[in-house]
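Scroll down for the structure; my scribbles are underneath it.
Chain naming here is simple, since letters A, B, ... match the order of the sequence lines and numbering starts at 1 in each. Just the heavy atoms: all of them, side chains too, but no hydrogens, waters or symmetry mates, feed the values below.
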Amino acid sequence: MTINALPKTYDPREVEPRWYAAWLKAGYFHANVDPARTPYVIMLPLPNITGVLHIGSVSTFTPQDVLIRWRRMQGYNALWQPGTDHAGIATQNVVEREIAREGQTLQQVGREKFLERVWQWKEYSGGTIDRQLKRMGYSCDWDRYVFTLDPEYYDAVLEAFIRLFGEGLIYRGKRMVNWCPRDQSAISDLEVEYEDIDSSLWYVRYSGAHGGPGVVIATQRPETILADVAVAVHPDDERYRALVGSEVIVPLVNRRVPVIADRRVDPSFGTGALKITPGHDLLDNEIGSDHNLPVLVVLDERGAMTADTGEFAGLDRFDARERVASSIAALGLIEKVEPYRTSVGTCDRCHAIIEPYISDQWFCDMTGMAARAAEAIRSGRVRFHHERWARVVLQFLDNIRPWTISRQLWWGHRIPVWQCSSCGERVAAKTAPAQCPVCGGTVLEQDPDVLDTWFSSGIWPFATLGWPRETPDLRYFYPGNVLATDKGILFLWVARMIMLGLHFMDDVPFTDVYVTPTVLNLEGGRMSRSLGTGLDPLEMIEDRGYGADALRFALISRCSQSQQEFRFAEKMIADVRNFNTKIWNATRFVLLNLEGFDADGPPPTATALSLADRWIRSRFARVSEAVTASLGGFELDKAARALYDFIWNEYCDWYLEMAKVDLQGTGNREQGTANRERGTGNREQGTAVDQRRTTNDERRSAVQRTLWYVLSNTMKLLHPIMPFLTEEVWQQLPHDGDSIMVAAWPTPHLEWIDTQAEADIEVVMDAVRRVRGQRVDLGISPTQILRIHLRQTGGGIPNLREIVKYTARLSRSEALEEVPVAGPVGRRYVEEPAAGFSLLTEIEDKLVPSARERLSRELQEIGPELGRLERRLADQEFMTRAPADVVQRERARLVELQARQRRLQELLAALEVPSP
RNA sequence: GGGCGAGUAGCUUAGCGGUAGAGCGCCUCGCUUACACCGAGGAGGUCCCAGGUUCGAAUCCUGGCUCGCCCACCA
C-alpha cells in the first residue's frame, strides 16, 4: 500500500464539511422502499422554523443520528425523516413584532398580506436550522424534507380534521378556555406553564342585603369582584350556616347576590367564604353553572376592563386590580391585605399571564384515543426508555381532557369548516362548498381560526409518508421504530402521535420512545440563550474549533438514562477534542508502521500472533460486543465510555507500546532481545519438527494486520457517535468500499476472546506499573535503563518470556537472567511481585534508604488489609453464611498478602546488611 | 397537595449486595523516534443524615434533610 503521511494536526473545521458534502452527494442519507431490506425509521422532532440550533435540540437529535447510523451500518434501510414546523404562535409573533416596528397593526395589514409577509420571512431565515443540522453531521434524508405547511402536508392536516369532525370527535363550543391576552388566542391546557409569583390576598366584606355584617371573602383578584354573582361557603361550615340562602351586597356595583352552599369550597382557606365569578374562574364557572347563576364578564380579549365597568373601563387587569381594591378600601370594606405566594398560569410562548376566558372554540374529544394509546403502552407495544416514563405518560392519558385545537391566529392550517350565512349550518370540507347542504344557501364563510400547531405535528409519522394516500412509502416505512425526545414534549407531541397514529393508521407510530436527559449548566440551571447560560453548538464547533464530533461525543457520553438531566460545560467538549487528537495520532503511528502491509493478504496464523496481538483482539471482541449491546439497549453513554476507555487506555496506552516491541523484534535490520530468544527457533527451522515456527515476516505482518484491523474496526464502532473523524481515519487506512458510513457493522468475534492472553497482559501491566512506581520512589531517572532480575515464585508460567519481554521494554529496563531466591551476593535489590514471578531491581548503595522507605511503606499499607482479612476469615458467621467463592477469594488474598509481608520483611532485612 | 429524579474525590460523574472507579483540576517527574490537545507516578472519598435487613450495604428497606423537574380548578 501507499503510505500517506497524515498532517500532524487534525482540523475538524476542514474535514467535517468535506465529508458531509461527500455523503450527501453519494446519496447515503436517502432511503427508498426496498422490500428486500428491513426498514428502520426515526422521525426527527421537527424544529420550529423560527428556531436556531440550541444545545437542547442537539442533545436529543444526536442520539437519533447515532441510532440511525448504527442501524444503517447493520444493514437496515434507515430513514431519518426531517422537517420543520410552522410553529403558529411563535412565528406569528416574530412577524407581528416586525410589523409593529413599522408602525402598523395586524388589522391594518390584513390576513392575506400578513401571510405573504410570513412566507417571505420564512424564505429568508427559515433555512438556518437546516444548515445547522447539517453541520452537526446528521444523516437525515433531506430529499424527504417536509414543512408542515407544504401543500400535501396541509391537505393531510385538513383530512385529519375532517375525518375527526365526521366522527363527531371534533366539536365547537362556548367554553372557558386558557386565553392568552397578549397573543389573543386560546391555548390548550398543555401550553400553560405555571409560575410562582408574589401576590396579595384581599379580605373584602360583602354586607348583608338586609343589614347585618354579611360575610368576608378572600380574593387575589379584586378586579373580578365586579363580575361576582354569589358567595359560596361549605355546607358544613357552622360559621356561615345561618347565612346560606340570604343575600349579600357586592361592593362597588351594589349587586345583591345569594350566599350558596357548595362542597367544593375549602372552609380552611381564607375566611372559608368564596366569591363566585363564573366569567373569570374555572371553578367558579362550574359552581355557577350547577347553581344556575348568570355569567358576567368584565374583562375583554386583551385583558382590559370592559366598557360597562364605569370608571374602570379600559384599564388593564393589573391596573384595575389596584384601582378596584383602593375604591373598595375607600368604602371601608377591605378588612385586611395579606402577602400571598401563588402560582399563576402563563403562556408557554410569550409568558403572559393566562386568563380563564369564555369563548367559542373547537375541541377534540380525546377519551377514546387516549384509552387506545394507554392500552398500547400497557401491553408493551410502545416501550419507554427509561421505563418510568411510561407511567408518566399513562397518568396523562388516564386523565385526558378535551383538547382545545382552535387558535385565533392567521399563520397555520385554517380550520376547514364553512358556515352557511343563511341557516348557520357548519360543513367540514377542504374547499368552499358550492351550497349549504341544509338550506341550499350559497354564501358560506370559512371559519377564521387556525389549528393548534401540535395538531399538525401529531400526524407527522404518517403524514410525512404520503397519508392519506396509500403510498408505498407509507406501507413500507410505517410504523417507525424510535422516537427520541426530551421529556418536555411527552404529552404535547409524543402522546398525541400515539393517539392519532392508532386512530388513523390503526397502529402505533413507533415502538420505542427514548427520553433523553435535559442539558443543564454547571450550576444546575436551564441552558438558556436569553439568560446567557447556554452553550451555542455552532460556536463550539466553529469558533472554538472543537468540531461537531467532539460536541456529539461529549453529549452522548453523558446522556445516561439513569438521570433526568445532566450538567454540561465547554470543558467537556475540549476533553473530547483531545480524544480526537489522540485517535489522529494513533492513526499516524499505525500508518507509519504499515509499510509493506497487504490488507488483502491471508489472515495471520495463530502462531504468528504475538501475545499482545491476541490480547488486543480479545479486548476488541469484548468491546464490540459491549458497544453493540449498549446501543441496542439505548445506553449510548455506555457505548461511548467503552470506546473511550478501549481506544485510549487499551489500544493507545498499552497495545501500541507493545506493538512497538513486537515490530522491533521483527525488524529487517535490527533484532532485539526478544528476537534472540526466538533465534533458537530459527536455527531449528530446518528440522521437520518445527514446521509451525513462523518467520519474522509473518509475525510482522500479523502485528500490522492487528494494528490495522483493530483501528479500522474500532472506527466503525465509533462512527455513529463521531462520524467525521472516523471517516477521515478509515479513508486513510486500507479499506473496502467507499465510505465507513455504509461499511458493515463489526460482528463481535467472540472466538477471539482469549482469557489467557488477558490474564497475561494484566500481569504485564501490573508489573510495569510497579517498576515505574519504584523508579519514582527511588528517584531513578526515567531515562536510565534499570537492570532487573527475574525470580520465579510460582509454577512454570507458559508465556513468561513474552510477559517479561513486554514488561522490560515498557518499564525501560533490561531483564537479566533468573536469580535464585534473593539474588546474587553483593548486590542490593528492590523486589516487585507479579503473578508467578517477581522482578528484582538492582540498586546502588545510595538508594538503599529510599528503597527501604518504599518497602516499609508497602509493608505498612498491607497491615490494615491483612487485619481485615484475618478478622473476616475468623468470623464464624461469615464462614458459614457467605458463599464459597467469596470465602475462597478472601482466603487466597490473605495467603498472598501474608507471603508478601514475609518477603518484604526479608528484603528489608537484606537491605540492613552493609554491602561488601 | 400528589408524583418522579438526584445527592459518591475540588468539578462532572460511573458503579447499584462482596476489598470505592473514571475524566477534568491539583502535586512531582519527563519532549523514550504517534501524540505536551502528550506520557509516567502521586495526593485526594464519614459514598447527604438516622435507623433497619444481611455474615457483609455506596448498593436493599424505612424515615428525615437538601436540590431539580412534572402534574393538580384551593379562591
> Using purine N1 to pyrimidine N3 plus N6-O4 or O6-N4 for Watson-Crick, or N1-O2 and O6-N3 for G-U wobble, each under 3.5 Å, what pairs with B:G63?
Replying inline: B:C49

> If each of A:W389 and A:F566 is mapped to the nucleotide of RNA chain B with the nearest heavy atom, which maps nearer the 5' terminus, i.e. the 5' end?
Replying inline: A:W389

>> Is a donor from one side chain sitting under 3.5 angstrom from an acceptor on the other, for A:N580 and A:R577?
In response: no

> In terms of side-chain heavy atoms, does A:D228 have a donor or acceptor partner in A:T277 at a distance below 3.5 Å?
Replying inline: yes

> Is A:E853 atom CD crowded by more than 12 heavy atoms from other residues, nucleotides or ligands, each under 6.0 Å away?
Replying inline: no

>> Would you say A:Y10 places a side-chain N or O within less than 4.0 Å of OP1 or OP2 belonging to B:C35?
In response: no

>> With a cut-off of less than 4.0 Å, is there a side-chain N or O of A:K8 near OP1 or OP2 of B:C35?
In response: yes

>> Please report the distance, rounded to the nearest Å, between CD1 in A:I647 and P in B:G23.
In response: 15 Å

> Can you tell me how far P of B:A22 sits from CZ of A:R558, to the nearest Å?
Replying inline: 16 Å

> ring pair (Phe, Tyr, Trp, His ring centres under 6.0 Å) between A:Y357 and A:W179: does it pass, once the steps are laid out?
Replying inline: CA-CA 6 Å; A:Y357 185 69; A:W179 183 266; 4.8 Å; yes

> According to a strict under-4.0 Å criterion, is A:R577 in side-chain N/O contact with OP1 or OP2 of B:C37?
Replying inline: no

> What distance, rounded to whole Å, do you find between the two P atoms, one in B:A57 and one in B:A50?
Replying inline: 14 Å

> Who does B:C29 pair with, Watson-Crick or G-U, both distances under 3.5 Å?
Replying inline: B:G39

> Counting only side-chain N and O atoms of A:R588, is one of them less than 4.0 Å from OP1 or OP2 of B:A34?
Replying inline: no

> Can a side chain N or O of A:R401 be found less than 4.0 Å away from OP1 or OP2 on B:A72?
Replying inline: yes

>> A quick test of your reading: do over 12 heavy atoms of other residues, nucleotides or ligands sit less than 6.0 Å from CD of A:Q784?
In response: yes

>> Using Watson-Crick or G-U wobble geometry with both distances under 3.5 Å, which nucleotide pairs with B:C4?
In response: B:G68

> Which base, if any, makes a Watson-Crick or G-U wobble pair with B:A14, both distances under 3.5 Å?
Replying inline: none

> Does a nitrogen or oxygen in the side chain of A:K660 sit under 4.0 Å from OP1 or OP2 of B:U32?
Replying inline: no

> Is there a side-chain polar atom (N or O) of A:K582 under 4.0 Å from OP1 or OP2 of B:G39?
Replying inline: yes

>> Check the phosphate of B:A34 against A:N593, side-chain N and O only, distance under 4.0 Å to OP1 or OP2. Yes or no?
In response: no

> In whole Å, what is the span from the CG atom of A:D486 to the C1' atom of B:C70?
Replying inline: 12 Å

> Relative to the 5' end of RNA chain B, which residue comes earlier, A:K571 or A:A218, by the nucleotide with the nearest heavy atom?
Replying inline: A:K571

> Are A:Q220 and B:A75 close enough that a side-chain N or O sits under 4.0 Å from OP1 or OP2?
Replying inline: yes

>> Is there a side-chain contact between A:S268 and the phosphate of B:C74, meaning an N or O under 4.0 Å from OP1 or OP2?
In response: no

>> Please determine whether a side-chain nitrogen or oxygen atom of A:W648 lies at a distance below 4.0 Å from atom OP1 or OP2 of B:G39.
In response: yes

